[in-house]
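Here's the structure we're looking at; comments come further down.
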Protein chains: 2
Amino acid sequence: MRLQQTQLKGPSRIPSDPIQRAWIALGRVSQLVQCDVDNALKEAGLPELTWYTVLWELERAGKPTRPKDLAIPLFILPYQLSRLVDRMEKDGLLKRIECKEDKRGHLLELTPKGFTMRKQMWTVYAPAMDEALKRISDPEALELARLLNKLGGLEYPVQPKG
Amino acid sequence: MRLQQTQLKGPSRIPSDPIQRAWIALGRVSQLVQCDVDNALKEAGLPELTWYTVLWELERAGKPTRPKDLAIPLFILPYQLSRLVDRMEKDGLLKRIECKEDKRGHLLELTPKGFTMRKQMWTVYAPAMDEALKRISDPEALELARLLNKLGGLEYPVQPKG
DNA sequence: CTGTGTTTGTTGCAAACGCAACGAAATCTC
DNA sequence: GAGATTTCGTTGCGTTTGCAACAAACACAG
């Protein structure tokens with residue numbers, strides 16, 4: 001966890017009770033559901049969720065992609081991605097290929113094995129996600145997503161869909 | 001991230017679009033606001049949030065407490081707590097004292113330094129939380145908390161308040 | 001072209017983590 | 001009470017993380 005965000009430094013208030021409740025719920029519930037899905041993947045002997053997001057982002061791009069162009073949407077830091085790519089490359093899920101336009105870096109290219117792996121992960125990921133969120137209805141899910149996105153100041157709706 | 005949760009193994013459905021949107025938003029936004037608060041503490045040269053939760057839980061209890069009684073509300077595993085306590089004890093924020101009723105374990109006792117530290121962290125934590133969540137109103141925060149707690153199947157409203 | 005600053009990505013090191021194995025006390029069973 | 005089982009907490013070990021320092025390619029000013 002690193003990353004930075006706009007720091008407007010307001011008048012430094014104490015959070016209201018509703019804000020505190022939202023904060024607590026956000027922390028606990030996100031940890032809980034994250035855990036559920038992580039465990040499902042682990043029990044299936046598959047890599048963790050971060051790997052999926054990299055594979056999916058590469059697949060969505062449809063072409064070899066620069067690490068810096070992955071780091072932003074993935075919310076991860078360069079050095080984290082660097083080592084993540086090390087491991088994924090060692091597992092043969094992607095490979096670093098030359099980038100002729102900019103010799104500082106390289107391009108990340110999905111391998112067939114990487115493509116297969118992403119699909120296989122989805123067969124576990126999807127039901128696990130559905131299971132973890134099954135306590136709320138579709139309309140509630142939409143309202144939740146709306147509130148969260150407003151809270152985070154995000155619109156960017158990256159889909160895990162596969 | 002570990003912990004387990006009820007695994008009812010439903011019919012293994014693909015998550016609906018609203019569920020997927022909620023899932024994505026939850027992951028991204030929780031990471032974002034968590035990050036904001038973590039950074040605020042780090043910039044102030046203070047320990048991370050987990051330390052606060054331990055200190056606060058001990059303070060709330062009002063008496064020396066067994067590790068196992070902390071681990072559950074804190075959502076952390078025994079071995080994680082064990083090493084966390086190692087570090088906090090080394091920093092003099094709490095100490096392990098004998099437990100006469102059960103010689104396997106011990107009691108964790110908050111030190112004056114630990115008490116002071118928790119208060120000092122709150123002076124940074126509170127404004128950071130308020131800042132991180134300032135994009136939503138109080139009614140929205142309540143609705144968000146309600147949806148999240150429903151989603152997680154939780155009621156348990158632990159307060160960070162200090 | 002030369003020097004200065006920026007962008008892109010990697011790496012050495014110390015700290016922290018996850019897991020599985022462990023020891024010791026409590027508890028249960030006969 | 002002897003022996004098996006469970007609970008509570010710790011630890012060895014290999015992996016992963018965060019941070020700060022770094023190298024190399026680019027960009028740009030003169």
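Chain identifiers are assigned alphabetically (A, B, ...) following the order of the sequence lines, protein sequences preceding nucleic acid strands; residue numbering begins at 1 within each chain.
Residues A:Leu107 and A:Cys99 come closest through the heavy atom pair CG-CB, 3.9 Å.
The nearest whole Å value for the distance from the CG atom in B:Asp86 to the P atom in C:dA15 is 14 Å. Atom CG of B:Leu84 is separated from atom P of C:dA16 by 10 Å (rounded to the nearest Å). Rounded to whole Å, the distance from CG on A:Leu81 to P on C:dT11 is 13 Å. Here the C1' atom of nucleotide D:dT15 and the CE atom of A:Met88 are 17 Å apart, to the nearest Å. Counting to the nearest Å, the P atom of C:dT7 and the CG atom of A:Leu77 are 16 Å from each other. Distance B:Gln80 CD to D:dT11 C1': 15 Å, rounded to the nearest Å. With rounding to whole Å, A:Arg87 atom CZ is found 16 Å from C:dC17 atom P. Residue A:Gln31 contributes atom CD, which lies 14 Å from atom C1' of C:dC17 at whole-angstrom precision.
In terms of phosphate contacts, A:Tyr79 brings no side-chain nitrogen or oxygen within less than 4.0 Å of OP1 or OP2 of D:dT17. The shortest distance between the side-chain N/O atoms of B:Arg66 and the OP1/OP2 oxygens of D:dT7 is not below 4.0 Å.
With respect to A:Arg87 and A:Asp91, no salt bridge is recorded, no charged nitrogen being found less than 4.0 Å from a carboxylate O.
Side-chain atoms of B:Arg83 come within donor-acceptor range of the base of C:dG18, with a qualifying N/O pair under 3.5 Å.
For the atom pair NZ (B:Lys113) and CD (B:Gln120), the distance works out to 11.0 Å, reported to the nearest 0.5 Å. Atom CG of A:Leu58 is separated from atom CG of A:Leu93 by 10.5 Å, given to the nearest 0.5 angstrom. Here the CG-CZ distance, from B:Asn149 to A:Arg135, works out to 11.5 Å after rounding to the nearest 0.5 Å.
Using a 4.0 Å cutoff on non-hydrogen atoms, the parts of residues 91-110 of chain A near DNA chain D are A:Glu101, A:Asp102, A:Lys103, A:Arg104, ordered by number.
The backbone N or O of B:Leu147 sits nowhere less than 3.5 Å from a side-chain atom of A:Glu140 that would complete a donor-acceptor pair. Looking only at distances, a side-chain donor or acceptor of A:Thr116 sits under 3.5 Å from a matching main-chain atom of A:Pro112. With hydrogens and angles disregarded, no donor-acceptor distance shorter than 3.5 Å links the side chain of B:Thr111 to the backbone of B:Glu109.
B:Pro78 comes within 4.0 angstrom of a nucleotide base, judged by non-hydrogen atoms across all strands.
Side-chain atoms of B:Tyr125 and A:Trp23 form a donor-acceptor pair, as typed in the model, at a separation below 3.5 Å.
For DNA chain C, the stems formed by at least three consecutive Watson-Crick or G-U pairs, with both atom-pair distances below 3.5 Å, span C:1-30 with D:1-30.
Each of A:Ser82 and B:Glu48 was assigned the nucleotide of DNA chain C with the nearest heavy atom; the assignment lying further toward the 5' end belongs to A:Ser82.
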